[in-house]
Amino acid sequence: MKKLILNSLILLFLISACSKKEDSTTPPPQPDPIEVTDISNQYSVRTLTPSFNGSGGATIDSAGWIYVADFGDRLDNANGIQVTKVDPSSGELTVFATGLVGPSGNKFDSKGNLFQANIKGNTISKISPDGQVSDFVSSGLASPVGIAIDKEDNLYVCNCGGSSISKVTPDGTVSSFVQSSELKCPNGITIDDEGNLYPVNFSNGKVFKVSPDGSLSVLTTLPGNSNAHIDYWNKKLYVVGRSAGQVFEVDMQGKINLLAGSGTIGDTDGDGNEAQFYIPNGIALSKDGQKIYVVDRLLGVGTQLNPVVVRVIEKK
């Protein structure tokens with residue numbers, strides 16, 4: 001009887017050992033593939049402007065003019081100092097403001113003032129409609145990039161260096177709105193009609209939703225490992241996949257459509273499924289939502305980030 005019990009225990013041990021060995025050779029589960037609906041053959045891409053230095057964010061004023069900030073020549077050298085104004089009809093360029101310190105994300109308030117994040121200076125500048133620059137926030141931020149503005153002219157600022165989003169009231173008071181380890185260099189940010197914020201990570205493909213009470217959740221994840229800037233129009237988000245070299249549309253449930261970009265490096269215009277992007281970054285939609293303006297690095301000349309051109313994506 002003792003021998004039978006001993007043999008049974010040995011058999012159980014061997015079965016257990018074999019099971020553990022088999023488990024150890026089982027590959028870890030792989031993440032689900034990102035589902036993207038490719039509708040890029042419905043769109044076209046054309047270049048609007050000559051080349052200029054404008055490696056930061058882009059935004060549009062109430063009259064439809066495009067404003068592009070110049071972050072600088074390299075990611076480790078935010079030496080840009082100006083914002084360029086772009087005529088949406090002709091692509092003509094004029095200097096709108098200068099004297100900035102590594103400007104990136106920007107947005108207009110209800111009074112026509114442009115608020116410009118200076119990532120190198122850890123500040124936000126206020127630029128009047130005639131281009132006069134003044135200090136608005138000079139402390140309390142950590143490498144600020146994207147800016148969104150609500151209906152009360154409160155600013156929401158992505159702190160790339162702080163894994164956080166700050167709220168800035170119209171009088172310049174800074175407070176923490178969201179702090180999360182999920183935010184890995186939060187970069188672009190936009191806001192919808194209900195006051196929900198949508199920041200994106202520079203360090204991976206995640207797109208987040210932040211409710212008005214500050215609750216953070218993942219809306220979706222885009223292909224590639226780096227998002228750039230983001231804009232909102234008519235219950236849709238428009239996001240630049242920086243490393244993917246593509247431009248995406250995301251609905252409020254997180255469904256992804258590919259609008260433009262073959263996924264290969266280049267700066268070729270044409271149909272959306274054939275057009276190429278190099279290092280797309282800034283994005284802004286026309287007031288009627290019919291044109292998507294994307295700031296893209298020009299291939300083969302200049303520094304790591306400059307020069308750029310503004311390219312237009314529109315439905316055929």
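Position 1 is the first residue of the sequence, and the numbers go up from there.
Taking every heavy atom of both residues into account, P307 and N53 meet most closely at CA-OD1, 4.0 Å. Contact detail for L305 and L75: the closest heavy-atom pair is CD1-N, 3.6 Å. In plain terms, the two heavy atoms of N204 and K206 that are nearest each other are OD1-N, 3.1 Å. The minimum heavy-atom distance linking Y293 with L48 is given by the pair CE2-CD2, 4.1 Å. P170 and E152 make their closest contact through CG-O, 3.5 Å (heavy atoms, listed as atom of the first residue, atom of the second, distance). The two residues G54 and V68 come nearest to each other via the heavy atoms O-CG1, 3.4 Å.
Looking at E92, its side chain never comes within 3.5 Å of a backbone N or O of S90 through a donor-acceptor pair. When atom types are taken as modelled, the side chain of N159 and the backbone of A142 share a donor-acceptor pair closer than 3.5 angstrom. Listed for the D150 side chain is no donor-acceptor partner under 3.5 Å among the backbone atoms of G195.
Residue pairs meeting the ring pair (Phe, Tyr, Trp, His ring centres under 6.0 Å) criterion with at least one partner in residues 170-193, sequence neighbours excluded, are Y156-F177.
Looking only at atom types and distance, the side chain of S262 has no donor-acceptor partner in the side chain of Q276 under 3.5 Å away. A side-chain donor from one of Y67 and D61 sits under 3.5 Å from a side-chain acceptor of the other. Donor-acceptor pairing under 3.5 Å is recorded for the side chains of S110 and D153. Checking N201 against S203 by side-chain atom types alone, no donor-acceptor pair falls below 3.5 Å. When only modelled atom types and interatomic distance are considered, T59 and N106 share no side-chain donor-acceptor pair under 3.5 Å. Donor-acceptor pairing under 3.5 Å is recorded for the side chains of D269 and T47.
Residues meeting the side chain to side chain donor-acceptor pair (under 3.5 Å) test with D73, sequence neighbours left out: N79, N306.
Between K316 and D271 there is a salt bridge, since at least one side-chain N of the basic residue sits less than 4.0 Å from a carboxylate O of the acidic one. One finds no salt bridge joining K126 and D135 here, because no Lys/Arg side-chain nitrogen approaches an Asp/Glu carboxylate oxygen to under 4.0 Å.
Classification of the F136-F115 ring pair by plane angle, with boundaries at 30° and 60°, yields perpendicular.
The line from CG of N257 to OH of Y43 is 7.5 Å long, rounded to the nearest 0.5 Å. To the nearest 0.5 Å, atom NZ of residue K236 and atom CG of residue D231 are 14.0 Å apart.
Other residues, nucleotides and ligands contribute more than 12 heavy atoms inside 6.0 Å of the CD atom of E194.
Under the 4.5 Å side-chain criterion, counting only non-hydrogen atoms from C-beta, V239 is not in contact with I283. No side-chain heavy atom of V210 sits under 4.5 Å from any side-chain heavy atom of Y198.
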